[in-house]
Peer 1: 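First, the structure itself, so that you have it in front of you.
All values below were derived from every heavy atom in this structure, side-chain atoms included, with hydrogens, water molecules and symmetry-related copies excluded.
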Amino acid sequence: MNGPWFHVDIDAFFASVEKLDHPELNGRPVVVGAHPGGRGVVSTCSYEARAFGIHSAMPIGEAWRRCPSAVFLPVRMERYLEISESLLAIFRELSPEVTRISIDEAFLDMAGMERLWGSPREAAGRLKAMVRDRSGLTVSVGVASNRYVAKIASGLEKPDGLVIVEKGLEALFMLGLPLSRLWGAGEKTQERFRDLGILSMDDLVAKSEAELQRLFGQAGGRFLHAACRGADLSIFEARPSSRSISTEITFERDLVDREALDAALLEMACSIFFRLRREGGRARTLALKLRLFDFSTSSKRQSRGEPYRTSLEVFEDAKTLFERSWDGRSPVRLAGLGFSDLDVDGAPGQAELFREDDRRQRFENALRDIEDRAATQLLPARLVGRAIRKPPRRPAGEPQ
DNA sequence: TCTGGGGTCCTAGGACCC
DNA sequence: TCTGGGGTCCTAGGACCC
Ligand SMILES: [Mg+2]
């Protein structure tokens, strides 16, 4: 934890990749996200689109209204992952200690790298040049003595930014920022700040940790007390393994038909179970999420004594949870299903699994590979064709 | 304008045990 | 008999991030 730490953030990542793959889009507003006219939001958009007030998480319909001439494209996650990997490889040329924290962000521990790459400014310049020359993308870099401050710094001069915070100046750096730059304090917390008359970083710094804990809870208060003075509570510490697996789908139209809902449950049960298997994990807790026509959202979960062994077991419990959750009448906007208590340690357990005389089990283990290759959905005949698929998309690159 | 999908972590209350 | 406290597990909901 000595630093300096680099936080590297790829600029307008998904939209930039689309421009790389479709150079004719250069200079045009590009919106990557849901199908315009359907239900969903903007995932990422180019800076030209941002000039129209479009931003991530905006309902796609509003983005459309703001700029009908923008190019609307679907998310091509596999492609972005591929590019993301190649950038990570570049980062690893600069430092052996690279931690990816999302598809377009990573921390580089640059401690002791001065001899190799010169000052942080020189190293960052080199990093940006390598990325630009080899991928055509630009990144924004934040440099600081801890990860929290580096993360905030990288966001200040996007795109193609570089902000360096000298060691010892972290608190001063934070004091110069509006509260909205406080990573980890989102909409609700900003609202509470206003209600409490906390209008600037100075106001927050003036509060004692005990006071902040009284106002924002034990963990929240501790976090805010540290964050506003540029101290790092190791919130970006590498996590050992994933703790949940889930999937959810917002239907193009609200559903009331039980068979169609069952088909969705089955599809989701298969999906999360296969992902669980692929990751070599075990789970004993299943959670169902429902969002109704009025956007009211609820969840129900249920634990059992032994880990799930087949997707059929998952499906059966999913139906039980669903019956306990749904009134049978209210149109359902979204259904989701997930495992919330992954146990990866005692995980693979393949020997044990194969010892059991469970034909369905073996069948599914075998199908795991097929699923990997073909992403085939496995459905009982009764439900085949009933699964809820989003309508086919328009060809990529077509302006709407 | 009409609100995605994938996650992480925290809180709080009740059950149960020591 | 009553009270307190702590730990763990479970469940529901919420805030937040990309
Ligand atoms: Mg980014």
Peer 1: Apply the test ring pair (Phe, Tyr, Trp, His ring centres under 6.0 Å) to residues A:Trp183 and A:Phe236: give CA-CA distance (whole Å), side-chain angles for both, the deciding distance (0.1 Å), then the verdict.
Peer 2: CA-CA 12 Å; A:Trp183 187 95; A:Phe236 293 115; 4.9 Å; yes
Peer 1: Where the side chain of A:Ser330 meets the backbone of A:Trp326, is there a donor-acceptor pair that is under 3.5 Å apart?
Peer 2: no
Peer 1: For the base of B:dT3 and the side-chain ring of A:Phe295, does the geometry meet a stacking cutoff of under 5.5 Å between centres and under 30° between planes?
Peer 2: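 Stacked: ring centres under 5.5 Å, planes under 30°.
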Peer 1: For atom C1', what is the distance between B:dG4 and C:dC16, given to the nearest Å?
Peer 2: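 Straight-line distance between the two C1' atoms is 15 Å.
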Peer 1: In whole angstrom, give the distance that lies between atom CD of A:Glu248 and atom P of B:dT3.
Peer 2: 14 Å
Peer 1: Given that A:Ser241 and A:Phe293 both sit by DNA chain B, which one's nearest nucleotide is further toward the 5' end?
Peer 2: A:Phe293
Peer 1: OP1, OP2 of B:dG4 versus side-chain N and O of A:Ser43: anything below 4.0 Å?
Peer 2: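 No.
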Peer 1: Donor-acceptor pair, A:Ser16 side chain versus A:Asp11 backbone, under 3.5 Å?
Peer 2: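 A pair under 3.5 Å: yes.
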Peer 1: A:Ser102 side chain: which of B:dC2, B:dT11, C:dC18 is closest?
Peer 2: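 Given the options B:dC2, B:dT11, C:dC18, the side chain of A:Ser102 is closest to C:dC18.
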Peer 1: Among residues 177-215 of chain A, which contact DNA chain C at a heavy-atom distance under 4.0 Å?
Peer 2: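 Going residue by residue through residues 177-215 of chain A, the ones with a heavy atom under 4.0 Å of DNA chain C turn out to be A:Trp183, A:Gly184, A:Ala185, A:Gly186, A:Glu187, A:Lys188, A:Thr189.
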Peer 1: Just how far, in rounded Å, is P of B:dG6 from CE of A:Met268?
Peer 2: 10 Å
Peer 1: Take atom CG of A:Leu288 and atom P of C:dT11, then tell me their distance rounded to the nearest Å.
Peer 2: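 Those two atoms, CG and P, are 13 Å apart.
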Peer 1: Would a single hydrophobic cluster contain both A:Leu162 and A:Val139, if residues Ile, Leu, Val, Met, Phe, Trp and Tyr are joined by side-chain heavy-atom contacts under 4.5 Å?
Peer 2: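 Yes; tracing contacts between hydrophobic side chains, which count when under 4.5 Å, links both residues.
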Peer 1: Is there a donor-acceptor contact under 3.5 Å from the side chain of A:Asp203 to the main chain of A:Ser200?
Peer 2: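 Yes, A:Asp203 side chain to A:Ser200 backbone: donor-acceptor pair under 3.5 Å.
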Peer 1: Determine the contact category for A:Gly40: base if any of its heavy atoms lies under 4.0 Å from a base atom, sugar-phosphate if only primed atoms, P, OP1 or OP2 are that close, otherwise nothing.
Peer 2: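 Here A:Gly40 touches the backbone only, sparing every base.
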Peer 1: Rounded to whole Å, please give me the gap between CD1 in A:Ile103 and P in B:dG5.
Peer 2: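 Value for this atom pair: 17 Å.
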Peer 1: Where each residue is assigned the nucleotide of DNA chain C containing its nearest heavy atom, which of A:Arg284 and A:Thr297 is assigned the position nearer the 5′ end?
Peer 2: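 It is A:Arg284 whose nearest nucleotide is closer to the 5' end.
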Peer 1: Tell me the stems DNA chain B sits in, counting at least three consecutive Watson-Crick or G-U wobble pairs, each under 3.5 Å on both distances.
Peer 2: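 Paired runs of 3+ in DNA chain B: B:5-18 with C:5-18.
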Peer 1: Measure from the side-chain heavy atoms of A:Ser299 and tell me the nearest of C:dC18, C:dA12, B:dT3.
Peer 2: C:dA12
Peer 1: If you compare every side-chain N and O of A:Arg39 against the phosphate oxygens of B:dG4 (OP1, OP2), does one of them come in below 4.0 Å?
Peer 2: no
Peer 1: Taking the side chain of A:Ser303 as heavy atoms from C-beta outward, which of C:dC10, C:dG13, B:dG6 is closest to it?
Peer 2: C:dC10
Peer 1: Are any of A:Arg222's side-chain N or O atoms less than 4.0 Å away from OP1 or OP2 of B:dC10?
Peer 2: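 False: A:Arg222 side-chain N/O out of range (4.0 Å or more) of B:dC10 OP1/OP2.
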Peer 1: Return the value, rounded to whole Å, for the distance between atom CZ of A:Arg147 and atom P of C:dC17.
Peer 2: 18 Å
Peer 1: Want to settle it: does A:Glu105 or A:Arg304 sit nearer the 5' end of DNA chain C, counting the closest nucleotide to each?
Peer 2: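 Taking each residue's closest nucleotide, the earlier one in sequence belongs to A:Arg304.
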Peer 1: Okay, side chain of A:Lys128, backbone of A:Ser140: is any donor-acceptor separation there less than 3.5 Å?
Peer 2: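 No, the answer is negative, given that no donor and acceptor are paired below the 3.5 Å cut-off.
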Peer 1: Closest approach to the side chain of A:Ser244, judged atom by atom: which nucleotide of B:dG7, B:dT1, C:dC18 is it?
Peer 2: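 Nucleotide nearest to A:Ser244's side chain: B:dG7.
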Peer 1: Check A:Arg76 with A:Asp21, please: is the shortest side-chain N to carboxylate O separation under 4.0 Å?
Peer 2: yes
Peer 1: Can you tell whether the side chains of A:Glu105 and A:Lys151 come within less than 4.0 Å, N to carboxylate O?
Peer 2: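 A salt bridge links A:Glu105 with A:Lys151.
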Peer 1: Mind listing the closest non-hydrogen atom pair of A:Phe72 and A:Cys67 along with its distance?
Peer 2: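 Minimum heavy-atom contact is CE1-O, 3.7 Å.
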Peer 1: At 4.0 Å (heavy atoms only), tell me whether A:Arg243 reaches a base, stays on the sugar-phosphate, or touches nothing.
Peer 2: sugar-phosphate
Peer 1: Distance check: side-chain N/O of A:Arg291 vs OP1/OP2 of B:dT3, anything under 4.0 Å?
Peer 2: no
Peer 1: Tell me if a side-chain donor or acceptor on A:Asp232 pairs with a main-chain N or O of A:Arg147 at a distance below 3.5 Å.
Peer 2: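 Here the side-chain-to-backbone pair exists.
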Peer 1: Figure out the CD/P separation between A:Gln218 and C:dA15, and round it to whole Å.
Peer 2: 19 Å
Peer 1: For a quick check of understanding: with a heavy-atom distance under 4.0 Å over all strands, which category does A:Arg65 fall into, base, sugar-phosphate or nothing?
Peer 2: sugar-phosphate
Peer 1: Can you tell me if the side-chain N/O atoms of A:Ser246 get under 4.0 Å from OP1 or OP2 in B:dG7?
Peer 2: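 It does, given that an N or O in the side chain of A:Ser246 lies less than 4.0 Å from OP1 or OP2 of B:dG7.
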Peer 1: Starting at the 5' end of DNA chain B and moving along, which residue's nearest nucleotide shows up first, A:Phe216 or A:Ser242?
Peer 2: A:Ser242
Peer 1: Do the side chain of A:Ser84 and the main chain of A:Ile103 share a donor and acceptor less than 3.5 angstrom apart?
Peer 2: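 Yes; at least one donor-acceptor contact below 3.5 Å.
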Peer 1: Roughly how many Å is it from CG in A:Asp341 to C1' in C:dC9, rounded to a whole number?
Peer 2: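 Rounded to the whole Å, the gap is 11 Å.
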Peer 1: Considering every strand and a 4.0 Å limit on heavy-atom distances, what is the contact class for A:Leu334: base, sugar-phosphate, or nothing?
Peer 2: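 If one applies the 4.0 Å heavy-atom cut-off, A:Leu334 turns out to touch the sugar-phosphate alone, with no base involved.
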Peer 1: Is any side-chain N or O of A:Thr250 closer than 4.0 Å to OP1 or OP2 of B:dG5?
Peer 2: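 Yes.
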Peer 1: Have a look at A:Lys151 and say if it touches a base, only the backbone sugar-phosphate, or nothing, with a 4.0 Å heavy-atom cut-off.
Peer 2: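 Sugar-phosphate contact only.
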Peer 1: Would you mind classifying the nucleic acid contact of A:Thr44 as base, sugar-phosphate or nothing, using non-hydrogen atoms under 4.0 angstrom?
Peer 2: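 Result for A:Thr44 = nothing.
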Peer 1: Is A:Thr285 close enough to C:dC10 that one of its side-chain N or O atoms is under 4.0 Å from OP1 or OP2 there?
Peer 2: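 Checking C:dC10 against A:Thr285, no side-chain N or O comes under 4.0 Å of OP1 or OP2.
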Peer 1: Quick check: does any side chain N or O of A:Arg39 sit under 3.5 Å from a backbone N or O of A:Phe251, one acting as donor and the other as acceptor?
Peer 2: yes
Peer 1: Using whole Å, report how far CD1 of A:Ile10 lies from P of C:dC17.
Peer 2: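 My rounded result for the distance is 20 Å.
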